[in-house]
Amino acid sequence: MSDLKFIFSEENFQRIIENAPVGIVIIDKELKWHLVNQRFCEITGYSWEELQQKTFLDITYKEDINLNLNLYNKLLDGTVNEYFYEKRYLRKDGKIIWVRLAVAAVRIHGEYSHMVVSVEDIDDNKKYQQALESTNKELDLLLYQASHNLKAPISTLLGITNILRLENPSLAESETFCRLINTVEKFRDQNESMIQLMQVNEQKVNITEVSLERMVKNLAGSSGNPEAICYTSLRGTVIRSDPFFLSIIINKLMENSLIFSGSAPCSVMISYAMEDGKNKLCFSDKGPGIPEAIRDKIFDLFYKGTEKSHGSGLGLYLVRKSIEKLNGNISVDSEEGKGTKFTISLPVN
């Protein structure tokens with residue numbers, strides 16, 4: 001018991017605070033520092049005597065003050081008892097640094113008394129993260145421009161092959177010519193998927209009313225095999241979602257089902273239901289099914305499960321990314337030799 005008394009003694013508590021690897025401060029109702037450890041002084045560049053002449057708002061970077069006050073007021077009125085966030089301090093030497101704060105309110109007899117804050121210096125990590133994000137944006141822009149620049153020559157190549165076929169119909173029987181057309185079409189599809197991927201990553205969600213019947217009808221009409229898609233259960237169904245992301249989900253799942261479905265007249269069935277407060281869309285096909293060994297991989301980037309997959313390897317990856325943007329989820333139910341069912345669950349907006 002004597003050992004425990006030593007551990008929890010006021011003197012030892014002070015030692016723990018003073019030698020902590022993170023800044024620890026106690027701030028009273030007047031926003032004044034009641035306690036500041038040495039690590040916090042090192043982070044901010046101010047001595048304890050200098051900090052006593054300031055409030056925590058005085059050393060907060062000006063663009064972060066409003067957020068800081070909003071969170072602090074929630075602590076005062078009891079809306080929250082703790083919060084965690086990242087902000088910037090303006091050091092004594094004028095340098096702006098990033099820190100991560102964990103803030104907890106202390107209440108005595110139900111009344112707010114003071115707050116205890118731990119402060120972690122994350123400036124190096126934050127700047128590395130920002131530099132990485134900047135580099136990624138530059139690479140995305142470069143790739144986006146390159147993909148757009150490729151659209152014109154790809155279209156030209158497809159146009160030339162069509163003219164050659166018209167001028168010389170016998171070319172259609174040439175294996176070499178057919179391979180050329182197939183290669184150019186694959187190149188076109190890959191390029192379009194890359195553009196879509198960048199759009200999915202960059203575009204913000206815009207919720208509006210969407211007619212599922214109309215959207216599926218339009219997408220089915222451009223699928224090359226509209227009679228293979230049954231969507232009668234969608235008649236009159238309107239949901240609130242983002243039409244861009246929703247069209248990618250529907251289009252790519254239809255493409256996937258058509259590629260792998262069997263020869264039945266109605267090989268892809270699309271249905272809708274409201275279940276457990278969620279919008280549920282189901283895509284069922286009568287294809288060969290997905291082997292259990294690869295089901296966890298089918299949504300990976302550039303993954304192609306079988307030789308039958310002649311696409312870009314981006315289709316189901318785009319589906320997953322679009323669903324994530326809409327805060328939804330997708331599940332797969334498949335049995336080899338009997339078909340596959342994708343179920344998408346989207347929030348009601």
Side-chain angles (χ1 to χ4, degrees), residues 1-137 204 324 327:
M1 183 63 71
S2 58
D3 289 341
L4 286 177
K5 284 183 179 179
F6 172 73
I7 291 172
F8 294 112
S9 69
E10 183 176 347
E11 181 183 353
N12 204 43
F13 178 74
Q14 289 285 352
R15 289 177 183 173
I16 293 170
I17 295 294
E18 195 58 37
N19 293 293
V22 296
I24 297 178
V25 300
I26 296 176
I27 301 174
D28 62 23
K29 285 182 178 181
E30 284 71 42
L31 306 185
K32 295 291 186 179
W33 315 95
H34 183 70
L35 178 147
V36 170
N37 72 347
Q38 181 58 34
R39 179 60 185 137
F40 185 78
C41 292
E42 293 170 358
I43 291 172
T44 63
Y46 289 101
S47 67
W48 166 234
E49 291 73 22
E50 290 170 322
L51 286 171
Q52 285 179 307
Q53 308 304 314
K54 298 178 180 293
T55 71
F56 75 85
L57 292 178
D58 292 330
I59 65 170
T60 298
Y61 184 58
K62 59 183 179 180
E63 292 184 7
D64 295 340
I65 287 177
N66 286 338
L67 174 60
N68 204 154
L69 281 173
N70 288 338
L71 290 170
Y72 178 66
N73 287 332
K74 289 182 179 180
L75 206 68
L76 283 179
D77 64 23
T79 303
V80 299
N81 280 317
E82 61 181 19
Y83 55 83
F84 306 84
Y85 80 119
E86 295 176 359
K87 65 179 277 188
R88 287 163 287 186
Y89 278 147
L90 186 62
R91 280 174 49 91
K92 180 181 176 181
D93 59 13
K95 181 183 177 183
I96 299 168
I97 62 165
W98 280 94
V99 293
R100 181 182 292 115
L101 274 63
V103 183
V106 176
R107 304 183 192 279
I108 298 176
H109 304 304
E111 293 292 327
Y112 176 82
S113 172
H114 56 275
M115 61 179 171
V116 179
V117 187
S118 72
V119 183
E120 179 185 359
D121 183 351
I122 59 168
D123 196 56
D124 289 340
N125 289 341
K126 194 72 175 182
K127 287 177 178 174
Y128 174 77
Q129 178 187 341
Q130 290 172 337
L132 189 61
E133 289 173 355
S134 177
T135 301
N136 287 338
K137 284 183 179 179
K204 294 182 179 179
E324 288 175 357
N327 294 319

**OP:** Would you check if the side chain of Arg91 reaches a backbone N or O of Ile43 as a donor-acceptor pair within less than 3.5 Å?
**Re:** yes
**OP:** Kindly write out the residues that satisfy ring-ring contact (aromatic ring centres under 6.0 Å, His included) with Tyr46, not counting sequence neighbours, or none if the list is empty.
**Re:** none
Subject >> All pairs passing salt bridge (charged side-chain N to carboxylate O under 4.0 Å, His left out) where residues 60-75 contributes a residue, at least two apart >> reply: Glu63-Arg88, Asp64-Arg88
Original post:
Between Asn37 and Ile24, is there a donor-acceptor pair closer than 3.5 Å when you use the side chain of the first and the backbone of the second?
Top reply: yes
Subject >> Qualifying residues under ring-ring contact (aromatic ring centres under 6.0 Å, His included), relative to Phe40, sequence neighbours excluded >> reply: Trp33, Tyr89
**OP:** Please lay out, stage by stage, how Leu71 and Leu67 fare under the test side-chain contact (heavy atoms from CB on, under 4.5 Å).
**Re:** CA-CA 6 Å; Leu71 290 170; Leu67 174 60; 4.2 Å; yes
**OP:** Can you measure from CD (Gln129) to CG (Asp124) and round to the nearest 0.5 angstrom?
**Re:** 13.0 Å
Original post:
Is a donor on one side and an acceptor on the other found under 3.5 Å between the side chain of Glu50 and the backbone of Ser47?
Top reply: yes
**OP:** Check Val36, Val103, Val22 against Val117 for a side chain to side chain contact (heavy atoms under 4.5 Å, CB included) and give me the one that passes.
**Re:** Val103
**OP:** Any chance you could lay out the side-chain contact (heavy atoms from CB on, under 4.5 Å) test for Leu31 and Leu57, step after step, and finish with the verdict?
**Re:** CA-CA 8 Å; Leu31 306 185; Leu57 292 178; 4.0 Å; yes
Original post:
Do Thr60 and Lys87 get their side chains close enough for a donor-acceptor pair, meaning under 3.5 Å?
Top reply: yes
Original post:
So does Tyr128 have more than 12 non-hydrogen atoms from other groups sitting under 6.0 Å from OH?
Top reply: no
Original post:
So how far is it from Arg107 CZ to Asn81 CG, rounded to the nearest 0.5 Å?
Top reply: 4.5 Å
Subject >> For Glu86, salt bridge (Lys or Arg N to Asp or Glu O under 4.0 Å) partners two or more places apart >> reply: Arg100, Lys126
Original post:
Taking only residues two or more places apart in sequence or in another chain, which ones pass side chain to side chain contact (heavy atoms under 4.5 Å, CB included) with Asp58?
Top reply: Lys54, Thr55
Original post:
Nearest heavy-atom pair of Cys41 and Trp48: which atoms, and what distance?
Top reply: SG-N, 3.8 Å
Original post:
Checking side-chain contact (heavy atoms from CB on, under 4.5 Å) for the pair Arg39/Asp121: CA distance, chi angles, key distance, verdict?
Top reply: CA-CA 10 Å; Arg39 179 60 185 137; Asp121 183 351; 3.9 Å; yes
**OP:** Search all heavy atoms of Ile97 against all heavy atoms of Asp123 and return the closest pair with its distance.
**Re:** CA-OD1, 3.2 Å
Subject >> Straight-line distance of Lys127 NZ to Gln130 CD, nearest 0.5 Å >> reply: 8.0 Å
**OP:** Please examine the side chains of Leu51 and Gln53, heavy atoms only from C-beta on, and report whether any two atoms are closer than 4.5 Å.
**Re:** no
**OP:** Report yes if the side chains of Tyr83 and Leu101 come closer than 4.5 Å at any heavy-atom pair, otherwise no.
**Re:** no
Original post:
Is it true that Asp93 and Lys95 make a salt bridge, defined as a side-chain N closer than 4.0 Å to a carboxylate O?
Top reply: no
**OP:** Only counting residues at least two apart or in another chain, list the ones meeting salt bridge (Lys or Arg N to Asp or Glu O under 4.0 Å) with Asp77.
**Re:** none
Original post:
So Trp98 and Glu120, side-chain contact (heavy atoms from CB on, under 4.5 Å) or not? Walk me through it.
Top reply: CA-CA 9 Å; Trp98 280 94; Glu120 179 185 359; over 6 Å; no
